[in-house]
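Heads up, the thing below is written out as structure tokens.
Start at 1 and go down the list; that is how both ligands and their atoms are numbered. Values reported hereafter were calculated over all heavy atoms of this structure, with side chains retained and with hydrogens, waters and symmetry mates removed.
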Amino acid sequence: MSYVKSIAVRAPAKVNLQLGVGGRRDDGYHELASIFLTVSLFDRITLTPAEELRVTVAGAGAGDVPADGSNIAARAVGLLAERNGLHPGVHVHIDKRIPVQGGMAGGSADAAGALVGCNALWNLGVSRTELVSLAAELGSDVPFSVLGGAAFGSGRGERLTVLPVGATTHWVFATAGFGLSTPAVFAEQERRRRDAGMPWTADGIPSPRVSQRLVDALARGDTAMLADALSNDLQPVATSMRPELAATLRTGTDAGALAGVLCGSGATIGFLVADRDAARTVAEKLMASGTCAAAHVADGPVPGPEPEPEPEETITTGENA
Ligand code: C5P
């Protein structure tokens with residue numbers, strides 16, 4: 001009989017309050033001006049020592065998430081192990097709540113949770129700052145997913161500046177019955193720019209700039225001003241690829257949301273609302289309308305991923321114990 005220590009981490013989704021998209025760089029990425037906010041919609045990642053690295057996935061949309069070494073959380077475990085000269089013998093179990101291919105950085109949250117969790121499981125003592133820079137090797141949104149809170153991201157979204165937040169913001173997230181592929185949405189935006197004879201490369205378009213109005217609204221906790229300042233350059237592209245998103249947007253604002261905005265490259269729509277009561281009303285009306293698959297009430301900012309306070313202790317018996 002032996003004791004196998006598991007670590008469970010809750011990793012939050014993000015919403016982009018601003019997503020300014022510049023031109024395509026030589027490395028294929030686009031210059032971004034992105035204001036991120038973590039919200040209280042979580043995946044739960046449980047990390048248990050095992051012979052080999054393996055992944056299991058449960059929860060909403062689990063069938064669309066790879067359960068092998070290509071899973072971004074598995075890659076995160078492998079990367080952290082490699083940099084610390086360790087064998088990545090961990091069973092990663094992901095319980096999904098964050099919509100898959102929903103533009104809310106679900107995969108990045110899982111990777112961030114795996115980094116934070118394995119750092120604790122292996123007692124590595126790697127600082128959050130070091131984990132943030134390691135995270136950039138995994139994906140553009142992973143550094144913010146490690147940090148949490150609110151931040152401005154430039155470059156491909158990985159160069160972060162922490163932003164002050166004056167008040168909790170309340171949201172309803174309407175998930176679509178389909179996902180949108182991030183590369184496909186960026187490619188469609190580029191095609192439209194080219195077809196319109198507009199510049200589309202990073203040297204032809206000035207780098208997008210942070211919305212100072214949005215930063216001020218966030219710092220003051222001025223929800224009405226914030227609602228007015230929300231923007232996402234990918235929204236017209238995503239709604240042209242999936243016109244049904246326009247109906248979701250209309251339904252949420254007609255139901256009393258202050259504003260609606262596409263999350264990342266879609267397909268989830270985030271609705272900013274005045275308070276929790278308004279959130280419940282908007283969520284109910286969205287669900288009744290049939291214009292979305294599910295509606296989640298959440299608020300933000302919330303802290304980045306942290307191991308849950310009481311690590312689980314599993315008593316294992318038998319041959320493989
Ligand atoms: O960095 P990550 O692997 O998460 O990016 C996924 C895809 O999103 C990229 O392959 C690219 O098509 C697109 N992307 C982009 N510019 C960025 C971030 C992502 O074009 N700044």
Side-chain angles (χ1 to χ4, degrees), residues 11-36 38 43 64-66 68-79 94 98-115 131-148 151-161 179-194 198-211 231-238 241-242 262-268 304-305:
K14 60 87 184 160
V15 57
N16 297 88
L17 307 179
Q18 178 191 1
L19 186 56
V21 180
R24 184 155 76 109
R25 315 189 310 200
D26 289 343
D27 64 5
Y29 285 94
H30 294 75
E31 282 292 314
L32 300 183
S34 179
I35 298 182
F36 299 105
T38 39
D43 280 356
D64 296 322
V65 179
D68 58 24
S70 69
N71 185 293
I72 190 167
R75 293 200 287 115
V77 173
L79 181 65
I94 303 168
I98 304 173
V100 176
Q101 280 206 333
M104 299 192 75
S108 302
D110 298 344
L115 286 177
L131 288 181
V132 168
S133 46
L134 194 62
E137 297 184 34
L138 295 161
S140 308
D141 287 344
V142 190
F144 174 71
S145 296
V146 171
L147 191 67
F152 170 64
S154 60
R156 63 183 172 93
E158 88 289 14
R159 282 205 308 267
L160 298 172
T161 309
L180 276 169
S181 142
T182 302
V185 176
F186 274 102
E188 174 62 15
Q189 193 208 39
E190 198 174 293
R191 190 190 65 76
R192 290 168 141 230
R193 282 177 172 166
R194 292 167 87 147
M198 288 163 64
W200 53 278
T201 56
D203 48 14
I205 305 177
S207 288
R209 296 170 60 138
V210 69
S211 160
S231 75
N232 183 339
D233 285 355
L234 296 178
Q235 189 165 312
V237 186
M241 290 169 82
R242 283 294 198 160
L262 184 79
C263 294
S265 57
T268 308

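Shortest non-hydrogen contact noted between Pro208 and Val21 is CG-C, 4.1 Å. Taking every heavy atom of both residues into account, Asn232 and Cys263 meet most closely at ND2-C, 4.2 Å. Contact detail for Thr268 and Gly102: the closest heavy-atom pair is OG1-O, 2.9 Å. For the residue pair Ala135 and Val146, the shortest heavy atom distance occurs at CB-CG2, 3.8 Å. Closest heavy-atom contact between Asp43 and Gly106: OD2-O, 3.8 Å.
The protein heavy atom nearest to atom 3 (O) of ligand 1 is Tyr29 OH, 3.8 Å. Annotation: atom 13 (C) of ligand 1 to nearest protein heavy atom, Phe186 CD1, 3.5 Å. Scanning all protein heavy atoms for the shortest distance to atom 10 (O) of ligand 1 gives Pro183 CG, 4.3 Å. The single protein non-hydrogen atom nearest to atom 6 (C) of ligand 1 is Thr182 CG2, 4.5 Å, given as residue, atom name and distance.
Near Gly28, with a cut-off below 4.0 Å to any heavy atom, the atoms of ligand 1 are 20 (O). Listed by number with element, the atoms of ligand 1 under 4.0 angstrom from any heavy atom of Ser140 are 1 (O), 2 (P), 4 (O), 18 (C).
Residue contacts with ligand 1 do not include Gly155, since none of its heavy atoms lies under 4.0 Å from the ligand. Heavy-atom distances between Asp141 and ligand 1 stay at or above 4.0 Å for every pair.
A distance-only check finds a donor-acceptor pair linking the side chain of Arg156 to the backbone of Ala136 [under 3.5 Å].
With distances taken over non-hydrogen atoms, the option nearest atom 16 (N) of ligand 1 out of Glu190, His30, Glu158 is His30.
Taking the charged nitrogens against the carboxylate oxygens, Glu190 and Arg193 have no contact shorter than 4.0 Å, which rules out a salt bridge.
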